[in-house]
Amino acid sequence: MKKTIVLLIAACAVCVACKGQKEIRYSGNPIFEGWYADPHAAIYGDRYWVFPTYSAEYEEQVFMDCFSSDNLVDWVKHERIIDTTEVKWANKCLWAPAHIEKDGKYYLFFGANDVHEGEIGGIGVAVADRPEGPYKDLLGRPLINEIVNGAQPIDQFVWEENGEYLMYYGGWGHCNVVRLSDDFTGLVPFDDGEIYKEITPEHYVEGSFMIKRDGKYYFMWSEGGWGGPGYSVAYAIADNPLGPFNRIGKILEQDPDVATSAGHHSVINIPGTDDWYIFYHRRPLEETARDHRATCIDRMEFDENGLIIPVKITFEGVAERKL
């Protein structure tokens, strides 16, 4: 009898303790409804932002939405932050936005028209006073229209360091880096006079992105066919932002028990911490259509040698976290 009373008291204490704890909420994957791919994530103030491609038939990709959250769990949709009524030279394939803040303005870089040699299209840039827009076409024409070094002008990523802005871009298995002018209206030659430097790593296909950690530059890209199950993300580490970038291995790929076609990512770091989150798209197991892709988030971690530990893609996503 005494033993039973002790156990009951202990059980009650556990229950009281449980009631005093706040329930942990998780984002779940996908993190918001709808078919969205190529997510570029950013932190502005006390909010997380995600700028994705609207994943549909090419001719239907004539606008972009974005999403914001203060906790990684509850997301607000901001509709049609830009569309082809504003970008007069674009008529389809608004793709893979990259986003950056500069001097109180917000800049959205995007690909358009799935451009081929001799066609109008390529990488454009738009500007707004707020992350959610509305965005205005900055140039009235593409920033990069030409096919240089075999790289289709898509999938751009803008990197800032010490007041200098570099843009990495390229599809069709080739990657270039260029230096942007201070007002983002043109390109500036490098010190050696080159304008376009090819930095293509082994197995590169598209979707470049970079972070810096402990003085090292982690350059990442997508491999495989974007419509197939083998789509994935690999990376290299270099001592400077121009490489050379020698491939180390894959960090993100499908899990046949969770989802396929995991790729075209971006990464954020929680300021003042060594906590990293990877945003990416994948195809749910029950979906087979090419354009049925959804945006997800998981943790990204490093080992004691500074190498990226391959990401485990999950259904639960990440825990609620305010900035």
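By convention here, the first residue in the shown sequence is residue 1.
- Cation-pi check for Arg179 over Tyr165 is not met; the charged atom does not lie both under 6.0 angstrom from the ring centroid and within 45 degrees of its normal.
- Under the 4.5 Å side-chain criterion, counting only non-hydrogen atoms from C-beta, Lys92 is not in contact with Thr84.
- Between Tyr204 and Phe219, the ring-plane angle classifies as parallel under the 30° and 60° cut-offs.
- Residues Val115 and Ile154 are not in side-chain contact: their nearest non-hydrogen atoms beyond the backbone lie 4.5 Å or more apart.
- Side-chain contact between Ile147 and Pro153 is present, with at least one heavy-atom pair separated by less than 4.5 Å.
- Note: the hydrophobic cluster containing Tyr44 does not contain Phe279 (ILVMFWY, side chain heavy atoms under 4.5 Å, direct or indirect links).
- For Arg247 and Glu223, the salt-bridge test passes: some basic side-chain N is under 4.0 Å from an acidic carboxylate O.
- Considering only heavy atoms from C-beta on, Trp221 stays 4.5 Å or farther from Val205 through its side chain.
- Under a 3.5 Å cut-off, the side chain of Gln156 and the backbone N or O of Ala96 do form a donor-acceptor pair.
- Interatomic distance, CZ of Phe109 versus CD1 of Ile123, reported as 9.0 Å (0.5 Å rounding).
- Asn113 is not listed as a side-chain neighbour of Glu119, based on a closest heavy-atom distance of 4.5 Å or more.
- Judged by the 6.0 Å distance and 45° axis criteria, Lys77 is not positioned over the aromatic ring of Phe32.
- Listed for the Asp155 side chain is a donor-acceptor partner under 3.5 Å among the backbone atoms of Gly207.
- For Lys105 and Asp183, the salt-bridge test fails: no basic side-chain N is under 4.0 Å from an acidic carboxylate O.
- Figure legend: Arg290 and Tyr231 shown without cation-pi pairing, the cationic atom not lying both under 6.0 angstrom from the six-membered ring centre and within 45 degrees of its axis.
- Under the 4.5 Å side-chain criterion, counting only non-hydrogen atoms from C-beta, Trp159 is not in contact with Val177.
- Salt-bridge check for Lys216 with Asp239: passed, with a basic side-chain N closer than 4.0 Å to an acidic carboxylate O.
- Put simply, the residue from Val125, Leu143, Ile100 that forms a side-chain contact (heavy atoms from CB on, under 4.5 Å) with Leu180 is Leu143.
- Using cut-offs of 30° and 60° on the angle between ring planes, the pair Phe157 and Phe209 is tilted.
- A donor-acceptor contact closer than 3.5 angstrom is absent between the side chains of His264 and Glu206.
- Judged purely by atom type and a 3.5 angstrom limit, Asn29 uses its side chain to pair as donor or acceptor with the backbone of Thr314.
- Note on Glu160 versus Lys102: no salt bridge recorded, every NZ/NE/NH1/NH2 to OD/OE distance being 4.0 Å or above.
- Using modelled atom types, one finds no donor on one side chain facing an acceptor on the other under 3.5 Å when comparing Asn240 with Tyr217.
- Side chains of Glu287 and His292: a donor-acceptor N/O pair is present below 3.5 angstrom, by distance only.
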